[in-house]
Number of protein chains: 2
Amino acid sequence: MKDNQDVACENVHSAIQDTLYVVNGKWKLFILSILVNQGKKRFGELSRESGISPRILTKELQELEMNQLISRTVCNTKPVTVEYSSTPYAETLKEVIDAMIRWGQNHRKTITGQ
Amino acid sequence: MKDNQDVACENVHSAIQDTLYVVNGKWKLFILSILVNQGKKRFGELSRESGISPRILTKELQELEMNQLISRTVCNTKPVTVEYSSTPYAETLKEVIDAMIRWGQNHRKTITGQ
DNA sequence: CTGGATCCATTAGGATACTG
DNA sequence: CAGTATCCTAATGGATCCAG
């Protein structure tokens with residue numbers, strides 16, 4: 001294991017940085033957790049439920065779409081509505097998201113003294 | 001599971017936000033991954049290996065220490081050296097760290113076309 | 001309804017030089 | 001060696017107005 005670790009050392013470091021680069025900031029993993037766990041949402045729903053202002057939400061959604069983690073569908077309604085949903089590729093992040101949810105739940109118990 | 005999800009919905013959201021609040025920024029999880037996987041490091045080692053400038057590193061380490069995720073030990077050397085190491089509580093974050101390392105490795109393969 | 005445009009305040013992050 | 005001080009840039013976030 002030591003040997004493995006030594007040779008893999010550089011890769012391990014760049015790996016976690018690669019992930020942090022894709023899901024950087026306060027919002028991306030949060031948005032993904034909503035879409036992955038609850039399915040598709042419209043722009044307004046996301047804005048309301050997350051508390052993210054439209055300007056920031058637009059930017060975050062565009063970056064997530066660039067990384068193939070969400071898809072954007074314009075609906076033929078009047079006025080137009082737009083649905084965002086997580087892609088199959090985003091499902092591969094579920095392991096990360098779930099681990100963070102579990103840790104957050106446990107951490108809250110810990111700091112509030114159970 | 002639907003029922004569970006509905007009642008747990010608010011908690012799930014705040015949970016991931018709680019986690020993101022503790023390990024916010026580009027560096028905290030990266031620093032933790034080094035200390036968790038490689039054991040204790042001195043300030044200078046961390047700065048060199050991570051590429052984080054001293055000012056930022058100091059700030060990040062202080063915040064991690066405040067959250068009981070790392071411990072700081074001043075050694076009786078001349079000149080003084082300081083060792084940082086992950087705490088047992090940081091081990092509970094290993095699940096998150098490892099998931100992010102695995103995802104980053106896979107993501108790199110994906111975007112470079114395997 | 002979606003989301004772009006503008007303006008402004010706050011914060012995060014980086015480079016460099018310097019002190020105990 | 002460890003960490004501060006100073007200075008600066010970029011990113012983040014909120015408010016509001018507006019257009020397709």
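If you're wondering where the values come from, they're calculated on a predicted model, not measured in any experiment. Chain identifiers are assigned alphabetically (A, B, ...) following the order of the sequence lines, protein sequences preceding nucleic acid strands; residue numbering begins at 1 within each chain.
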Inset, instruction - Indicate, with a heavy-atom threshold strictly under 4.0 Å, whether B/Arg72 touches base, sugar-phosphate, or nothing. - result: sugar-phosphate
Legend entry - Contact boundaries on DNA chain D for chain A, cut-off under 4.0 Å to non-hydrogen atoms: D/dT12 to D/dA15
Legend entry - Whole-Å distance separating the NZ atom of B/Lys59 from the C1' atom of C/dG13: 8 Å
Inset, instruction - With sequence neighbours excluded, tell me which residues meet salt bridge (charged side-chain N to carboxylate O under 4.0 Å, His left out) with B/Arg102. - result: A/Glu95
Legend entry - Closest-nucleotide 5' rank along DNA chain D - winner of A/Asn24 and B/Gly44: B/Gly44
Legend entry - d(CD, A/Glu60; P, C/dG4) in whole Å: 13 Å
Inset, instruction - Report the distance from atom CG of A/Leu32 to atom CD1 of B/Ile16, rounding to the nearest 0.5 Å. - result: 8.5 Å
Inset, instruction - Could you pull out all residues at least two apart from A/Glu45 that satisfy salt bridge (charged side-chain N to carboxylate O under 4.0 Å, His left out)? - result: none
Inset, instruction - Taking side chain to side chain contact (heavy atoms under 4.5 Å, CB included) as the test, write out the residues that go with B/Asp18, two or more places apart. - result: A/Arg108
Distance-only donor-acceptor hits, side chain of residues 74-84 of chain A, under 3.5 Å, sequence neighbours excluded:
residue, atom, partner, partner atom, Å
A/Thr77, OG1, A/Pro79, O, 3.0
A/Thr77, OG1, A/Thr81, N, 3.0
A/Thr77, OG1, A/Thr81, OG1, 3.1
A/Tyr84, OH, A/Arg72, NE, 3.2

Legend entry - side-chain N/O A/Gln62 vs C/dG4 OP1/OP2, d < 4.0 Å: yes
Inset, instruction - List in chain and number order the residues that pass ring-ring contact (aromatic ring centres under 6.0 Å, His included) with B/Tyr89, two or more places apart in sequence or in another chain; answer none if no residue qualifies. - result: A/Trp103, A/His107
Inset, instruction - Could you check how far CG of A/Leu57 sits from C1' of C/dC1, rounded to whole Å? - result: 13 Å
Inset, instruction - Whole angstrom is fine here: how far is it from CD in A/Glu65 over to C1' in C/dG3? - result: 13 Å
Legend entry - For A/Glu91, all residues meeting salt bridge (charged side-chain N to carboxylate O under 4.0 Å, His left out), sequence neighbours excluded: none
Legend entry - Contacts of A/Ser71 that satisfy side chain to side chain donor-acceptor pair (under 3.5 Å) - sequence neighbours left out: A/Ser85
Would you tabulate the side-chain donor-acceptor contacts of residues 52-67 of chain B under 3.5 Å, counting partners in other chains and residues two or more places apart, or write 'none'?
residue, atom, partner, partner atom, Å
B/Thr58, OG1, B/Pro54, O, 2.9
B/Glu63, OE1, B/Lys28, NZ, 2.7
B/Asn67, ND2, B/Glu63, O, 3.3

Legend entry - Whole-Å distance separating the NZ atom of A/Lys78 from the C1' atom of C/dT2: 16 Å
Inset, instruction - Determine the minimum heavy-atom distance between B/Ala15 and A/Ile101, stating which atoms define it. - result: CB-O, 3.5 Å
What are the atom names and distances for every N/O pair under 3.5 Å that joins the protein to nucleotides 14-20 of chain C?
residue, atom, partner, partner atom, Å
C/dG14, OP1, B/Lys26, NZ, 3.0
C/dG14, OP2, B/Trp27, NE1, 2.9
C/dG14, N7, B/Arg55, NH2, 2.9
C/dG14, O6, B/Arg55, NE, 2.7
C/dG14, O6, B/Arg55, NH2, 2.6
C/dA15, N6, B/Arg55, NE, 3.2

Inset, instruction - Please list, chain by chain and in numerical order, all residues satisfying ring-ring contact (aromatic ring centres under 6.0 Å, His included) with B/Phe30, sequence neighbours excluded. - result: A/His13
Legend entry - Divergence of helical axes at both termini of the helix from C/dC1-D/dG20 to C/dG20-D/dC1 - five pairs an end, 10° steps: 40°
